[in-house]
Amino acid sequence: MQQTNPYSKMRENAIMTAPKEELTLMLYDGALKFINQAQIAMENKDPGKTHECLVRVQDIIREFQITLDRKHEVSQHFDIMYEYIFRRLVEANTKKDIEAVKECSELIRGMRDIWKEAMQVARGAKAAQPGAPAATGKSLQG
């Protein structure tokens with residue numbers, strides 16, 4: 001009989017029940033995790049692990065591009081940024097260029113921070129609407 005990992009089940013449940021804004025934040029966090037792993041692998045001269053991690057980041061960036069809501073003008077700016085990051089990730093992977101990895105990491109971190117701030121602003125605006133439930137004083141993180 002196969003044992004299931006309770007952490008995996010809990011993580012799967014969190015993903016399945018998370019609002020799309022939280023899923024986007026999780027994807028940004030995943031991209032940062034994999035790009036950090038790629039950087040470490042590159043420093044350790046492990047091309048296989050570097051490639052694997054950078055491809056995962058590329059997949060996340062493509063997912064962001066595919067799911068952009070094109071009816072908003074700002075989506076064009078995001079698309080340009082995502083395309084730039086994707087190209088730099090490919091260059092980093094083919095040339096094993098650690099500086100390109102670091103640049104992409106900074107760009108992704110900046111976009112993640114902007115996304116997180118926008119989520120906080122949106123939640124604050126929603127809570128300030130007439131008839132909205134009173135704030136509980138809990139932070140966004142828990």
Q: For residues Tyr84 and Glu103, determine if any side-chain heavy atom of one lies less than 4.5 Å from a side-chain heavy atom of the other.
A: yes

Q) Out of curiosity, Gln39 CD to Asn44 CG, how far, rounded to the nearest 0.5 Å? A) 10.5 Å

(Q) Would you compute the distance between atom CD of Glu91 and atom OG1 of Thr94 and round it to the nearest 0.5 angstrom? (A) 6.5 Å

Q | Cluster overlap Met119 with Val74, hydrophobic side-chain contacts below 4.5 Å | A | yes

Q. Backbone N or O of Met42 within a donor-acceptor pair of the Lys45 side chain at under 3.5 Å?
A. no

Q: Please determine if Lys116 and Glu22 form a salt bridge, counting it only when a charged side-chain N lies under 4.0 Å from a carboxylate O.
A: no

Q | Between CD1 on residue Ile61 and CG on residue Leu27, distance to nearest 0.5 Å | A | 9.5 Å

Q) CG of Asp79 to CD of Gln65: how many Å apart, nearest 0.5 Å? A) 5.0 Å

Q: Would you mind reporting whether Thr50 and Val101 have side-chain heavy atoms less than 4.5 Å apart?
A: no

Q. Do Ile40 and Lys49 come close enough that some side-chain heavy atom pair is under 4.5 Å?
A. no

Q. What are the two closest non-hydrogen atoms of Arg112 and Leu32, and how far apart are they?
A. CD-CD1, 3.6 Å

Q) Can you find a pair of side-chain heavy atoms, one from Ile85 and one from Cys104, that are under 4.5 Å apart? A) yes

Q | Qualifying residue, where the test is side-chain contact (heavy atoms from CB on, under 4.5 Å) with Glu73 and the options are Lys71, Arg70, Gln76 | A | Gln76

Q.
Applying a strict under-4.5 Å side-chain criterion to I, L, V, M, F, W and Y, I'd like to know whether Ile114 and Leu68 cluster together.
A. no

**Q.** Trp115 vs Glu21 side-chain heavy atoms within contact, under 4.5 Å
**A.** yes

Q: Using a strict 4.0 Å threshold on nitrogen-to-oxygen distance, state whether Arg109 and Glu106 make a salt bridge.
A: no

(Q) According to a hydrophobic-cluster definition based on side-chain heavy atoms being under 4.5 Å apart (Ile, Leu, Val, Met, Phe, Trp, Tyr only), do Val55 and Val90 belong together? (A) no

Q) Where do Gln120 and Arg123 land on the side-chain hydrogen bond (donor to acceptor under 3.5 Å, both in side chains) test, with the steps shown first? A) CA-CA 5 Å; Gln120 291 170 340; Arg123 286 182 181 160; over 6 Å; no

Q.
In the structure I gave you, are the side-chain heavy atoms of Glu43 and Ile98 within less than 4.5 Å of one another anywhere?
A. yes

Q. Heavy atoms, side chains only, cut-off 4.5 Å: are Gln58 and Glu63 in contact?
A. no

Q: Could you grab the distance from atom CG of Leu107 to atom CZ of Arg88, nearest 0.5 Å is fine?
A: 9.0 Å

Q. Taking all atoms of both residues into account, what is the closest heavy-atom pair of Ile35 and Val57, and its distance?
A. N-CG2, 3.5 Å

Q) If you round to the nearest 0.5 Å, how far is CD of Gln37 from CD of Glu52? A) 8.0 Å

Q.
Please verify the inter-ring angle class for Phe64 with Tyr82; under 30° counts as parallel, over 60° as perpendicular, anything in between as tilted.
A. parallel

